[in-house]
Amino acid sequence: MTAQTAPAPVPASDPAGTDLHPLLPALLADDWEKVDAELPALLDLLFSRSAGEAWHKAGTFKNHLLDVYRTLALWDQPRDVRVLGLFHSVYSNEFVALKLFDASAKRAELAAAVGEEAERLIHTFCVMPRTRFVQKLTEIDAIPAGGLDLEKSDGSMLHLSQKDAAIFAIVSIADLTEQWHSWVDDVFQGFPWQTRQPVKENWAASLWPGQLMPSNEAWSLASRMARPLRDLPAELGLPVPPVFDRCRRILTQADEMAAVALYWQVVTRAHAISTPVAAVSLLKTAIAHNPDIAEPHLVLAQIALTQGDYDTAATHARIGLDILSAWGTAWDKRIAWSGWVAWARVLLQAGRTRSWPETLGGMIALGMVS
């Protein structure tokens, strides 16, 4: 277990933590032109294909694609990698039948919109054996200079260059962590070594959306997928994702499960918590098991505010805000990432201005940050 280090103090002139990633305000405001001047036209194309009407594991396909793009933007990935994230399943793939474009007849149309290189990445990502690719990432220590060879379902081989393999690993991590929660754990148990489970006998597990608990599997798997990215050659031009200690830390599944269990006991009041001290102990232990999660810090910040410990509240709120900014997605998916970011800024501002409601009704008035 690794403890999360505290960030630098936030200046009093910046109580709500505006000194974050420069794209964060535009992403929160859905101001797509400020994120990227060409993005509105790409979104018009995507939305014209009914992406907002298609279901996806944690919402709609439109939201999933946008959220993966957001993570890649916050990871400062190159333009073509971000566009890949935005269109990453539009030709369908081995997991989903969400064909927004026909790969047999419409590749030229998409290439004209996004560029030939971006379209090539999108098409390859859709047709490659994704499960085998994820397995391969967890089996290697680094992506070889010669790339990776993957066996497809028909027995033929697909070669990925080192750069393509690294790009697909980065996008796969963003894709996995954006959509995974406890319901996906149940229906895709053991991924990427899952077995077929009949729905009739497992009907209760199939009921969507389930409890919406944080995943017991996804973050530990993502850490193993990320490890081969920790020392990418500079000439590839791909920033190392700023998660799992820049892809150097492996999270064990045992630690992941412990963090979920401890956090869930507090937020659902399943544990017989009689004092704030008990809740704080559980949450700090959860963080020690998994330092890459923001939400326990935000609960700790709120508890500290209720006790008048404003400095502790500000510290935890800022750590949580930094983690949310680094990931671009929520771990506790009961609330959207944007909601967690807004709440983190409310908590940080309250800690810095040393002000918190004295009554439960006063909580309703919270919201604005300066």
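- Close placement of the Trp331 and Tyr263 rings is indicated, their centers lying within 6.0 Å of each other.
- The structure places CG of Leu298 at 9.5 Å from CH2 of Trp343, a figure rounded to the nearest 0.5 Å.
- Glu117 and Arg120 are joined by a salt bridge, as a carboxylate oxygen and a charged side-chain nitrogen come within less than 4.0 angstrom of each other.
- A donor-acceptor pair under 3.5 Å is absent between the side-chain atoms of Trp356 and the main chain of Gly308, judged by distance alone.
- A salt bridge links Glu109 to Arg49: at least one charged side-chain nitrogen sits closer than 4.0 Å to a carboxylate oxygen.
- In this structure, Thr306 contributes its side chain and Ile303 its backbone to a donor-acceptor pair below 3.5 Å.
- With hydrogens and angles left out, the side-chain atoms of Asp164 and His159 include no donor and acceptor closer than 3.5 Å.
- Rounding to the nearest 0.5 Å gives a distance of 10.0 Å between CG of Leu43 and CG of Leu65.
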Side chain to side chain contact (heavy atoms under 4.5 Å, CB included) between His56 and Gln179, intermediate numbers included: CA-CA 8 Å; His56 203 265; Gln179 64 184 287; 3.4 Å; yes
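- The closest side-chain donor-acceptor pair between Gln349 and Arg352, if any, does not fall under 3.5 angstrom.
- The existence of a salt bridge linking Asp332 and Arg334 is confirmed by a sub-4.0 Å separation between a basic side-chain nitrogen and an acidic carboxylate oxygen.
- Residues Leu221 and Ile250 do not share a hydrophobic cluster, defined by chaining ILVMFWY side chains whose heavy atoms lie under 4.5 Å apart.
- Checked for salt-bridge contact, Arg82 and Asp36 meet the test: a charged N lies under 4.0 Å from a carboxylate O.
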Check against side chain to side chain donor-acceptor pair (under 3.5 Å), Ser220 and Gln253: CA-CA 5 Å; Ser220 55; Gln253 190 174 357; 5.0 Å; no
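- No more than 12 heavy atoms of other residues, nucleotides or ligands shown are found within 6.0 angstrom of CD on Glu358.
- Pairing each heavy atom of Arg345 with each of Ser370, the nearest pair is NH2-O, 4.4 Å.
- In this structure, Arg107 does not pair ionically with Asp102, as no charged nitrogen and carboxylate oxygen lie closer than 4.0 Å.
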Residues Leu42, Phe87; criterion side chain to side chain contact (heavy atoms under 4.5 Å, CB included); working and verdict: CA-CA 9 Å; Leu42 296 180; Phe87 289 86; 4.3 Å; yes
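- Residue Val127 is not grouped with residue Leu137 when hydrophobic side chains (ILVMFWY) are merged at heavy-atom distances under 4.5 angstrom, including chains of intermediate members.
- Using a distance-only test at 3.5 Å, with no hydrogens or angles considered, a donor-acceptor pair links the side chain of Asp185 to the main chain of Asn216.
- Residues His64 and Glu178 have side chains that bring a donor and an acceptor to within less than 3.5 angstrom of each other.
- Within 6.0 Å of atom CE in Met368, 12 or fewer heavy atoms from other residues, nucleotides or ligands are found, so the atom counts as exposed in its surroundings.
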Pair Val35-Asp31, side chain to side chain contact (heavy atoms under 4.5 Å, CB included): steps then yes or no: CA-CA 7 Å; Val35 175; Asp31 191 344; 5.8 Å; no
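- Contact detail for Leu262 and Ala286: the closest heavy-atom pair is CD1-N, 3.7 Å.
- Between Phe188 and Trp180, the two ring planes are tilted [angle within 30° to 60°].
- A salt bridge links Glu38 and Arg79; the closest N-O separation between the charged side-chain nitrogens and carboxylate oxygens is under 4.0 Å.
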Leu160 and Met128: CA distance, side-chain angles, deciding distance, side chain to side chain contact (heavy atoms under 4.5 Å, CB included) verdict: CA-CA 9 Å; Leu160 301 178; Met128 76 177 190; 4.1 Å; yes
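- The shortest heavy-atom contact between Arg130 and Ser172 is NE-OG, 4.3 Å.
- Using a 4.5 Å cut-off between side-chain heavy atoms of Ile, Leu, Val, Met, Phe, Trp and Tyr, with links allowed through other members, Leu28 and Leu74 fall into the same hydrophobic cluster.
- More than 12 heavy atoms of other shown residues, nucleotides or ligands fall within 6.0 angstrom of atom CD in Gln194.
- In the hydrophobic clustering of ILVMFWY residues, with side-chain heavy atoms under 4.5 Å counting as a link, Val369 and Tyr310 come out together.
- Thr177 places a side-chain N or O within donor-acceptor distance of the main-chain N or O of Ile173, the cut-off being under 3.5 Å.
- Panel note: side chain Thr359, backbone Gly362; a donor-acceptor pair is recorded below 3.5 Å.
- Using a distance-only test at 3.5 Å, with no hydrogens or angles considered, a donor-acceptor pair links the side chain of Asp292 to the main chain of Phe244.
- When every heavy atom of Asp255 is checked against every heavy atom of Thr252, the shortest pair comes out as N-OG1, 3.0 Å.
- No donor-acceptor pair under 3.5 Å is formed between the side chain of Ser215 and the backbone N or O of His181.
- The aromatic rings of Phe61 and His88 stand perpendicular to each other, their planes meeting at an angle above 60°, with 30° marking the opposite boundary.
- With ring centers used as reference points, Trp219 lies under 6.0 Å from Trp327.
- For the pair Ala330 and Trp340, the tightest heavy-atom approach, listed with the atom from each and the gap, is CB-CD1, 3.6 Å.
- Distance check, rounded to the nearest 0.5 Å: CG of Leu148 to CD of Gln162 gives 9.0 Å.
- Identified under the salt bridge (charged side-chain N to carboxylate O under 4.0 Å, His left out) test for residues 203-232, with sequence neighbours left out: Asp141-Arg227, Asp141-Arg230.
- Judged purely by atom type and a 3.5 angstrom limit, Trp183 has no side-chain atom pairing as donor or acceptor with the backbone of Met213.
- A salt bridge (charged side-chain N to carboxylate O under 4.0 Å, His left out) check over residues 295-316, counting only residues at least two apart or in different chains, returns the pairs Asp311-Arg354.
- No single ILVMFWY cluster, assembled from side-chain heavy atoms under 4.5 Å apart, contains both Val199 and Phe191.
- Shortest non-hydrogen contact noted between Phe125 and Leu84 is CB-CD1, 3.9 Å.
- Although no hydrogens or angles enter the test, the distance criterion places no donor-acceptor pair under 3.5 Å between the side chain of Gln211 and the main chain of Ser182.
- Between the side chain of Ser325 and the backbone N or O of Leu321 there is no donor-acceptor pair closer than 3.5 Å.
- Side chains of Tyr69 and Gln77: a donor-acceptor N/O pair is absent below 3.5 angstrom, by distance only.
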